[in-house]
Amino acid sequence: MFSISCEDPPSRRRRRHWACLLALGLALVDVNGYAQQTLSLDRALQLAQSRSRQLIAQEAAATASREMGIAAGQLPDPTLKFGVNNLPINGEDRFSLTQDFMTMRSVGVMQEITRGNKLKARSARFDREAEAAEASRAVALANLRRDTAMAWLDRYYQERMLDVLRTQRTEAGLQIEAADAAYRGGRGTQTDLFAARSMVAQMDDRIRQTEKQIGTAKIKLARWIGDDAAQVLDAPPSLEAVHLDLPSLENQLAHHPQIALMAKQEEVARADTDIAQSNKRADWSVELMVSQRGPAYSNMVSVNVSIPLQWDQKNRQDRELAAKLAVAEQMRAQREEATREHVADTRMWLQEWQSNRERLAQYDSVLMPLALERTRAAIAAYRGGSGPLAAVLEARRMAIDTNMDRLRLAMETAALWAQLEYLIPAEHQTASEAHTPPLLPTTTATEK
């Protein structure tokens with residue numbers, strides 16, 4: 001603290017005045033710096049998305065497939081051919097390129113004429129593959145946001161548990177002093193003193209265990225957002241509702257990233273079927289060749305057409321088409337089964353989430369106030385000499401356990417909220433009209 005006295009010389013007062021201003025400025029800088037270091041859930045999600053390499057990998061996969069789609073839509077490269085035909089290997093004209101009239105030096109070019117519908121089918125197949133890669137990116141992003149949110153919320157509630165334990169540890173320390181004073185004054189027993197110290201030791205152990213869990217939670221969060229996981233957490237967002245409701249659940253889950261991915265994979269299988277169907281008609285190849293003979297002979301031009309003979313379509317092309325159709329049917333059946341599974345899982349999560357909210361309300365309206373009143377009554381009886389210290393310690397222990405159980409339930413409910421909230425991409429979410437009580441009230445029973 002700085003003080004300015006009227007008896008000080010003016011120069012000294014001015015120095016102290018500037019020192020006060022400097023100290024105040026530094027304090028404001030510290031406060032602002034601290035405020036800037038808080039980490040909100042939205043900021044954590046942004047950091048996780050910006051540093052994810054999985055998203056970049058899926059984007060690269062989509063780009064690769066689109067580039068291949070353009071290439072697959074082009075005609076095959078022409079083939080340039082060189083050769084020497086009918087070269088004598090014995091007699092007077094052996095190895096001569098000009099003496100025998102049948103010897104020709106040839107150069108030609110051959111082009112496979114692939115039909116347009118086949119080229120379009122091949123290109124479309126890579127386009128569907130690119131869309132599947134984009135759907136995989138959406139799956140990775142949804143999982144990233146869910147896991148980051150759950151890691152953030154886990155750390156937040158672990159820290160709230162530590163706050164409760166430290167507050168109760170301070171009060172338990174005061175209880176030791178009271179028990180010690182009562183023992184020295186002849187109003188208490190040594191057993192009471194040891195019981196109070198035992199309770200403090202147990203709370204110290206629980207504090208160390210919770211600190212370890214917080215360290216683990218920070219490591220999990222750092223997995224997604226890096227070194228920023230060391231920042232102080234901001235207040236959690238509103239956890240009052242999710243963007244899902246039972247009446248329109250199946251329609252909403254049609255946009256589930258995993259279901260969307262399986263739909264795109266089914267389209268890839270359908271594109272393979274189109275290619276197999278187009279392969280039932282063979283592609284022709286056309287060759288033009290110019291042959292040069294000796295000076296005394298005429299040069300020649302040859303035109304050749306090559307046609308693959310699909311003489312056993314029922315065991316080759318038809319079998320290939322049947323296999324591709326079976327794969328497409330397999331993908332469709334798997335998608336439908338996965339949709340049913342996701343609908344069932346989501347309904348169970350919603351039911352559990354709603355049940356937990358009702359339990360939290362029960363904690364806030366009944367269990368927490370009862371634990372607080374029991375503690376107050378035990379303390380009042382002990383101070384009035386009509387109750388033992390053991391009753392106070394037991395009541396306090398139950399109050400701590402009730403508070404911790406409530407925080408664990410709130411953490412579990414928040415994890416379910418994250419599971420449901422980030423189940424569907426934001427562009428497909430429909431705001432729910434339900435308004436439910438918050439998971440974690442701003443005032444706990446202990447604070448009251």
Side-chain angles (χ1 to χ4, degrees), residues 39-65 129-158 216-229 233 236-237 239 241-244 249-268 331 334-350 352-353 411-430 432:
L39 179 66
S40 66
L41 177 57
D42 288 339
R43 176 60 179 163
L45 295 175
Q46 294 171 3
L47 289 171
Q49 184 171 344
S50 65
R51 73 187 299 271
S52 171
R53 306 304 296 176
Q54 180 66 20
L55 300 182
I56 296 176
Q58 294 300 334
E59 290 171 0
T63 300
S65 295
E129 194 171 277
E131 293 172 358
E134 292 173 348
S136 295
R137 183 189 183 279
V139 172
L141 179 58
N143 293 339
L144 173 72
R145 292 171 62 83
R146 179 201 62 207
D147 294 341
T148 303
M150 293 179 71
W152 191 97
L153 290 166
D154 180 51
R155 177 188 161 189
Y156 175 82
Y157 283 101
Q158 292 287 356
T216 302
K218 287 183 178 179
I219 293 174
K220 290 180 180 179
L221 185 58
R223 156 66 181 88
W224 304 111
I225 68 174
D227 294 337
D228 292 299
L233 296 187
L239 307 178
V242 294
H243 297 91
L244 292 172
L249 186 60
E250 293 191 17
N251 293 332
Q252 288 179 308
L253 288 183
H255 302 292
H256 189 289
Q258 191 65 45
I259 300 301
L261 172 60
M262 298 187 75
K264 293 301 180 182
Q265 291 172 339
E266 182 182 348
E267 291 180 9
V268 172
M331 299 303 297
Q334 289 177 345
R335 176 180 56 81
E336 292 179 354
E337 186 66 24
T339 301
R340 296 172 184 174
E341 182 179 358
H342 281 295
V343 169
D345 289 343
T346 305
R347 283 177 174 168
M348 288 189 293
W349 294 335
L350 278 171
E352 186 176 357
W353 179 68
M411 181 169 64
E412 178 184 343
T413 309
L416 286 169
W417 174 87
Q419 188 84 19
L420 294 167
E421 182 68 11
Y422 301 108
L423 191 65
I424 298 174
E427 58 269 21
H428 298 300
Q429 289 179 352
T430 302
S432 176

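What's counted below: heavy atoms across the whole structure, side chains too, no hydrogens, waters or symmetry copies. Everything quoted here is computed from the prediction, not taken from an experiment. Heads up: numbering here begins at 1 and tracks the sequence.
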Can you find a pair of side-chain heavy atoms, one from [X] and one from [Y], that are under 4.5 Å apart?
X      : Y      : answer
Lys220 : Met150 : no
His342 : Ile259 : yes
Leu45  : Tyr422 : yes
Leu350 : Val242 : yes
Met262 : Glu336 : no
Asp154 : Leu221 : no
Arg145 : Glu421 : no
Trp349 : Leu244 : no

(request) For Glu131, check salt bridge (charged side-chain N to carboxylate O under 4.0 Å, His left out) against everything at least two apart and list the hits. (result)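 Glu131 satisfies salt bridge (charged side-chain N to carboxylate O under 4.0 Å, His left out) with Arg128, Lys264 only.
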(message) Which residues pass the salt bridge (charged side-chain N to carboxylate O under 4.0 Å, His left out) test with Arg146, not counting sequence neighbours?
(response) none
(message) Test side chain to side chain contact (heavy atoms under 4.5 Å, CB included) on Gln334 and Glu266; report intermediate values, then the result.
(response) CA-CA 9 Å; Gln334 289 177 345; Glu266 182 182 348; over 6 Å; no
Minimum heavy-atom separation for [X] to [Y], with atom names?
X      : Y      : result
Ala414 : Leu153 : O-CD1, 3.5 Å
Leu261 : Ala132 : CD1-O, 3.3 Å
Pro257 : Val139 : O-CG2, 3.2 Å
Ser52  : Leu144 : CB-CD2, 3.9 Å
Thr148 : Ala44  : CG2-O, 3.8 Å
Ala418 : Ala149 : CB-CB, 4.0 Å

(request) Please confirm whether the backbone N or O of Ala229 pairs with a side-chain atom of Arg155, one donor and one acceptor, at under 3.5 Å? (result) yes
(request) Report yes or no: does Trp152 contribute a side-chain atom to a donor-acceptor pair with the main-chain N or O of Leu39 at less than 3.5 Å? (result) yes
Looking at [atom1] of [X] and [atom2] of [Y], how far apart are the two atoms once the value is rounded to the nearest 0.5 Å?
X      : Y      : atom1 : atom2 : result
His243 : Ile424 : NE2   : CD1   : 10.5 Å
Glu352 : Thr413 : CD    : OG1   : 8.0 Å
Thr216 : Lys218 : OG1   : NZ    : 11.0 Å
Asp228 : Arg43  : CG    : CZ    : 6.5 Å
Asp42  : Leu47  : CG    : CG    : 11.0 Å
Leu253 : Thr346 : CG    : OG1   : 4.5 Å

(request) Mark yes when over 12 heavy atoms from residues, nucleotides or ligands other than Glu59 sit less than 6.0 Å from its CD; otherwise mark no. (result)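 For Glu59, atom CD is crowded (more than 12 foreign heavy atoms under 6.0 Å).
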(message) Please enumerate all residues that pass side-chain hydrogen bond (donor to acceptor under 3.5 Å, both in side chains) together with Ser65, with sequence neighbours excluded.
(response)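 Testing Ser65 for side-chain hydrogen bond (donor to acceptor under 3.5 Å, both in side chains), a comparison that skips the adjacent residues, returns Glu129.
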(request) Applying side chain to side chain contact (heavy atoms under 4.5 Å, CB included) between Ile56 and each of Arg53, Gln54, Gln58, report the one that passes. (result) Arg53
